[in-house]
Asks: 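My structure is below; once you've seen it, I'll send some questions.
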Amino acid sequence: MQGPEKTGGMNRQFPAWADNYAEAVAIQNSLRNRVMVQPLDLDSVRWLAAADVSFSKKDPRLYAAVLLFSLPDLQLVEVCDQIAEATFPYIPGLLSFREAPALLPLFDRLSQKPDVILVDGQGMAHPRRFGIASHIGVLLDIPTIGCAKSRLVGTFNAVPAVRGQWTELVEDGEVVGRVLCTRDGVKPIFLSVGHRVDLESATELVLKVTQKYRLPEPIRRAHSWVNAMRKGEQKCR
DNA sequence: GCGACAG
DNA sequence: ATCTTGTCGC
């Protein structure tokens, strides 16, 4: 008799996704070339979405939500959420295989197609230039921006704690993102291209939707929403 | 072999 | 990310 199999931490079936590390990496390598880096006309952005996932250390359930905001008023106009079973573990570099399956279905339920999506994680600032923001962007073919709270890869010079200041995030001689200070006196966030945007457009848009706090308002609200879901609260607004 | 390591 | 209590500061 054997105890629980330790095959590397991976779980069972995952239809359109992956069953193991090697397969997941192969999928990333096959999709990475679809990423488009190009300017995004911010004046044409009417609908902006933010996606996030929360979970407990205990149960394997994922609390996922996509919030839709109107611009330039930045008002929350719609929320689509769901509780899904986690079928893939968290592995640095493979975050999308854990969280994206729970988020993608939610976009189909939105009444408006987002002009851009803010994702809590990296875009091209990733070992294979294909973080969760890029993955979601390519699969939906919608512009996406990676907004992470910490670094996955790359080196950078310290950023002055002044709103709007930024330094380049570099890996292997490539500029993979920006370390951006969104508010005076706060730690910077890690911005990177997800899909169909460039760093200039991403920086401008993120600063535009970052008001009183360190994180962009849509990301904050999404984070708050999924956390409330997990705690079984009703305070959503 | 030893660290690093989005969420 | 989550698990946790108080605590320092505007």
Side-chain angles (χ1 to χ4, degrees), chain A residues 8-11 17-18 21 24-25 27-28 32 35 50-67 81 83-104 106 117-138 144-156 161 163 169-172 176-180 182-195 199 202 206 211-216 218-233:
Chain A
M10 256 42 71
N11 281 347
W17 296 89
Y21 193 101
V25 169
I27 289 175
Q28 294 181 323
R32 55 182 293 181
V35 173
D52 195 19
V53 173
S54 176
F55 58 88
S56 298
K57 186 177 183 180
K58 178 181 172 58
D59 64 67
R61 288 185 298 180
L62 299 180
Y63 299 78
V66 171
L67 278 62
D81 59 27
I83 296 177
E85 291 298 312
T87 57
F88 202 87
Y90 167 69
I91 297 174
L94 299 183
L95 178 64
S96 64
F97 293 87
R98 175 179 173 75
E99 301 192 345
L103 293 171
L104 291 175
L106 302 177
I117 303 168
L118 264 43
V119 181
D120 191 341
Q122 317 288 349
M124 292 176 68
H126 175 278
R128 291 166 290 285
R129 306 291 178 267
F130 201 71
I132 189 171
S134 296
H135 204 150
I136 288 176
V138 164
T144 56
I145 296 172
C147 299
K149 295 178 292 299
S150 61
R151 184 198 73 99
L152 174 59
V153 299
T155 59
F156 60 96
R163 175 181 163 84
L169 179 61
V170 180
E171 189 195 34
D172 297 329
V176 298
R178 284 182 180 178
V179 184
L180 174 71
T182 57
R183 298 295 297 170
D184 289 355
V186 303
K187 293 187 306 181
I189 65 172
F190 296 75
L191 195 64
S192 59
V193 170
H195 183 51
L199 287 174
V206 165
Q211 311 177 325
K212 195 174 183 298
Y213 303 91
R214 177 198 178 209
L215 298 179
I219 292 288
R220 274 190 69 256
R221 299 289 295 279
H223 190 276
S224 174
W225 186 279
V226 294
N227 250 340
M229 280 176 70
R230 185 169 59 78
K231 297 173 183 172
E233 298 178 359

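We name chains A, B, ... by the order of the sequence lines, and we start the count at 1 in each one. Hydrogens, waters and symmetry mates play no part in the numbers below; they use all other heavy atoms, side chains included.
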Asks: Taking atom P of B:dG7 as reference, at what distance in whole Å does atom CG of A:L62 sit?
Replies: 15 Å

Asks: For A:R151 and B:dA6, is the shortest distance between a side-chain N/O and OP1 or OP2 below 4.0 Å?
Replies: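 Indeed not, no polar side-chain atom of A:R151 lies that close.
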
Asks: Rounded to the nearest Å, what distance is computed from the CD1 atom of residue A:I219 to the P atom of nucleotide C:dA1?
Replies: 11 Å

Asks: Between A:D81 (side chain) and A:A64 (backbone), is there a donor-acceptor pair under 3.5 Å?
Replies: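 No, A:D81 side chain to A:A64 backbone: no donor-acceptor pair under 3.5 Å.
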
Asks: Would you verify whether the NZ or CZ of A:R178 falls within 45 degrees of the ring axis of A:F156 while also being under 6.0 Å from that six-membered ring's centre?
Replies: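 Ring-cation test returns no.
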
Asks: In dot-bracket form, 5' to 3', how is DNA chain C paired? Count Watson-Crick and G-U wobble pairs only if both distances fall under 3.5 Å, and write | where the partner sits on another strand.
Replies: ..........

Asks: Within this structure, what is the OH-to-C1' distance between A:Y21 and B:dC5, rounded to whole angstrom?
Replies: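 To the nearest whole Å, that distance equals 10 Å.
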
Asks: At less than 4.0 Å, is any side-chain N or O atom of A:K149 found next to OP1 or OP2 of B:dA6? Yes or no.
Replies: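 No, outside the criterion.
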
Asks: Hey, is the side chain of A:R230 poking within less than 4.0 Å of OP1 or OP2 on C:dT2, counting only N and O atoms?
Replies: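 True: A:R230 side-chain N/O within range (under 4.0 Å) of C:dT2 OP1/OP2.
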
Asks: Quick one: do A:R221 and A:D52 make a salt bridge, cutoff under 4.0 Å?
Replies: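 A salt bridge is absent here (no side-chain N lies under 4.0 Å from a carboxylate O).
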
Asks: Out of C:dT2, B:dG7, B:dC5, which has the shortest distance to the side chain of A:S54?
Replies: C:dT2

Asks: Give a yes/no verdict on base stacking between B:dG7 and A:Y90: centres under 5.5 Å, planes within less than 30° of parallel.
Replies: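 Stacked: centres under 5.5 Å apart, planes under 30°.
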
Asks: Taking NZ from A:K231 and P from C:dT4, how many angstroms apart are they, rounded to a whole number?
Replies: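 After rounding, the reported distance stands at 12 Å.
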
Asks: Nearest whole angstrom, please: distance from the P of C:dC3 to the CG of A:D59.
Replies: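 These atoms are roughly 10 Å apart.
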
Asks: Taking all non-hydrogen atoms of both residues, which atom of A:Y213 and which atom of A:T182 are closest, and how far apart?
Replies: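 Taking A:Y213 first and A:T182 second, the nearest heavy atoms are O-OG1, 4.2 Å.
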
Asks: Check whether any side-chain N or O of A:S150 sits under 4.0 Å from OP1 or OP2 of B:dC5, and answer yes or no.
Replies: no

Asks: Among the nucleotides C:dT2, C:dA1, B:dC5, which one has an atom lying closest to any side-chain atom of A:N227?
Replies: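 Ranking C:dT2, C:dA1, B:dC5 by closest atom to the A:N227 side chain puts C:dT2 first.
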
Asks: Check the phosphate of B:dC5 against A:H126, side-chain N and O only, distance under 4.0 Å to OP1 or OP2. Yes or no?
Replies: no

Asks: Given atom CG of A:L215 and atom C1' of B:dA6, what is their separation to the nearest angstrom?
Replies: 13 Å

Asks: Roughly, in whole Å, what's the span from CD1 in A:I145 to P in B:dA6?
Replies: 21 Å

Asks: Would you mind telling me which of B:dA6, B:dG7, C:dC3 lies closest to the side-chain atoms of A:Q122?
Replies: B:dA6

Asks: Minimum heavy-atom separation for A:R230 to A:S56, with atom names?
Replies: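 Closest heavy-atom pair between A:R230 and A:S56: CD-OG, 3.4 Å.
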
